[in-house]
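Notes for the one structure printed next.
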Amino acid sequence: MLTMNNVSKIYQTNSVQTHALRDFSLTVNEGEFIAVTGPSGSGKTTFLNIAGLLEPFTSGQYTLDGVDIGGLSDNQTADLRNQKIGYIFQGFNLIPDLNLYENVEVPLRYRGIAAKERKVRIEQCLEQVGLASRAKHLPQQLSGGQQQRVAIARALAGKPRFLLADEPTGNLDSLMARQVMELLEEINKNGATIVMVTHDAELARRAPRNIQVVDGQLADFTLYQGKPSLAATLDNKTVVASGV
């Protein structure tokens with residue numbers, strides 16, 4: 001589904017180079033649910049932005065659903081992003097003057113989807129997140145957890161192959177965070193591939209696979225047949241340990 005090989009990202013100012021990612025290599029298989037953790041400034045957000053085709057990488061190779069991203073024009077990249085990727089953000093990013101139905105509808109209008117098809121998708125997605133009865137409510141009439149559910153419905157309405165969640169529970173209390181995580185788990189069971197950046201260790205442990213990013217490089221912690229293993233790639237050397 002997603003493969004990065006030796007991807008690097010360098011931010012250049014007049015006098016300083018900042019290496020946000022260093023020879024970052026990762027494969028995400030279709031149907032996986034991966035939690036990405038790591039300290040602030042480690043490169044998590046840069047990885048997510050590159051994965052979501054929101055910013056280019058400096059070097060390396062990135063393939064999404066069989067398409068080599070490095071060979072695409074800006075318009076082709078935008079088309080692929082619209083077709084394949086759904087986003088869930090920490091800040092919800094709902095439009096306050098639009099009701100829930102209209103908020104979910106906005107990206108579908110930009111994609112040129114016909115009104116009849118939009119209606120079907122919106123109703124299905126609001127039902128999936130448990131908010132069909134509140135379709136005419138405004139965002140400020142909902143709790144934080146409910147607003148995040150609307151944001152998830154908006155992401156799902158585009159029928160993406162790949163969901164990217166950037167701290168989706170960061171603005172929620174622990175109870176609402178668990179409810180949102182349960183919804184994401186259900187969506188994953190229904191076939192969506194999910195990559196979630198989080199600082200919440202409890203939620204990260206619920207994902208079948210955990211990726212830790214440190215200094216722009218990867219430490220990959222995966223539960224396999226109930227036994228954890230740790231593979232860390234540092235300075236182009238790979239160290240593997242099992243039973244940790």
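Position 1 is the first residue of the sequence, and the numbers go up from there.
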Hphob cluster co-occupancy, [X] + [Y], side-chain heavy atoms under 4.5 angstrom:
{"X": "Ile187", "Y": "Met1", "result": "no"}
{"X": "Val36", "Y": "Ile152", "result": "no"}
{"X": "Met181", "Y": "Ile34", "result": "no"}
{"X": "Leu183", "Y": "Val197", "result": "no"}
{"X": "Val67", "Y": "Val28", "result": "yes"}

Do [X] and [Y] have side chains that approach each other closer than 4.5 Å (heavy atoms only, starting at C-beta)?
{"X": "Phe162", "Y": "Arg81", "result": "no"}
{"X": "Gln146", "Y": "Gln141", "result": "no"}
{"X": "Asn190", "Y": "Gln128", "result": "yes"}
{"X": "Leu54", "Y": "Tyr87", "result": "yes"}
{"X": "Met196", "Y": "Phe33", "result": "yes"}
{"X": "Asn5", "Y": "Val7", "result": "no"}
{"X": "Ile50", "Y": "Tyr62", "result": "yes"}
{"X": "Val150", "Y": "Val129", "result": "no"}

If only atom types and distance count, is the side chain of [X] paired as donor or acceptor with the main-chain N or O of [Y] below 3.5 Å?
{"X": "Thr169", "Y": "Leu172", "answer": "no"}
{"X": "Ser8", "Y": "Thr58", "answer": "no"}
{"X": "Gln148", "Y": "Gly145", "answer": "no"}
{"X": "Asn99", "Y": "Glu102", "answer": "yes"}
{"X": "Asp65", "Y": "Leu2", "answer": "no"}
{"X": "Arg111", "Y": "Asn82", "answer": "yes"}
{"X": "Lys44", "Y": "His199", "answer": "no"}
{"X": "Lys84", "Y": "Leu64", "answer": "no"}

Minimal non-hydrogen separation, [X] against [Y], with atom names:
{"X": "Glu127", "Y": "Ala132", "value": "OE1-CB, 3.2 Å"}
{"X": "Thr198", "Y": "Ala35", "value": "CG2-CB, 4.5 Å"}
{"X": "Leu21", "Y": "Gly43", "value": "CD2-O, 3.7 Å"}
{"X": "Thr27", "Y": "Asn29", "value": "CG2-OD1, 3.7 Å"}
{"X": "Pro168", "Y": "Ile88", "value": "CB-CG2, 4.0 Å"}
{"X": "Glu117", "Y": "Lys159", "value": "OE2-NZ, 3.8 Å"}

- [ ] Say whether Gln90 and Asp166, considering side chains only, have a donor N or O and an acceptor N or O under 3.5 Å apart.
- [x]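 No pair is found: no donor N or O on one side chain lies under 3.5 Å from an acceptor on the other.
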Task: Partner of Leu163 by side chain to side chain contact (heavy atoms under 4.5 Å, CB included), out of Leu156, Thr193, Val195 - done: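 Only one of Leu156, Thr193, Val195 forms a side chain to side chain contact (heavy atoms under 4.5 Å, CB included) with Leu163, namely Leu156.
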Task: Residue Asp215 excluded, over 12 heavy atoms near CG under 6.0 Å - done: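 No, not enclosed.
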Task: More than 12 heavy atoms of other groups within 6.0 Å of Asp74 CG - done: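 For Asp74, atom CG is not crowded (no more than 12 foreign heavy atoms under 6.0 Å).
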Open item on the list: Could you go through Asn171 and Phe92, starting from their C-alpha distance and side-chain angles, then the distance that decides it, and tell me whether this counts as side chain to side chain contact (heavy atoms under 4.5 Å, CB included)?
Closed with: CA-CA 9 Å; Asn171 287 335; Phe92 314 146; 4.3 Å; yes
TODO: Output yes when Glu185 and Lys189 qualify as a salt bridge under the 4.0 Å nitrogen-oxygen rule, no when they do not.
DONE: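 Judged by the 4.0 Å cut-off on N to carboxylate O distance, Glu185 and Lys189 do not form a salt bridge.
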Task: Test: Glu105 and Lys119 ion pair at under 4.0 Å - done: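 No, Glu105 and Lys119 are not salt-bridged.
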Rounded distance [0.5 Å steps], [atom1] in [X] versus [atom2] in [Y]:
{"X": "Leu138", "Y": "Leu142", "atom1": "CG", "atom2": "CG", "result": "8.5 Å"}
{"X": "Asn103", "Y": "Asn93", "atom1": "CG", "atom2": "CG", "result": "10.0 Å"}
{"X": "Leu203", "Y": "Glu182", "atom1": "CG", "atom2": "CD", "result": "10.0 Å"}
{"X": "Cys125", "Y": "Leu131", "atom1": "SG", "atom2": "CG", "result": "11.5 Å"}
{"X": "Leu126", "Y": "Gln124", "atom1": "CG", "atom2": "CD", "result": "10.5 Å"}
{"X": "Ser143", "Y": "Met176", "atom1": "OG", "atom2": "CE", "result": "3.5 Å"}

TODO: Apply side chain to side chain contact (heavy atoms under 4.5 Å, CB included) to the pair Thr63 and Ile69, showing each step before the final yes or no.
DONE: CA-CA 6 Å; Thr63 302; Ile69 304 306; over 6 Å; no
Open item on the list: Applying side chain to side chain contact (heavy atoms under 4.5 Å, CB included) to Leu26 and Ile211, what does each step give before you reach the verdict?
Closed with: CA-CA 9 Å; Leu26 172 68; Ile211 302 298; 3.9 Å; yes
- [ ] Could you give me the CA-CA distance, side-chain angles and deciding distance for Arg121 and Ile113, then say whether side chain to side chain contact (heavy atoms under 4.5 Å, CB included) is met?
- [x] CA-CA 10 Å; Arg121 293 193 189 190; Ile113 295 173; 3.4 Å; yes
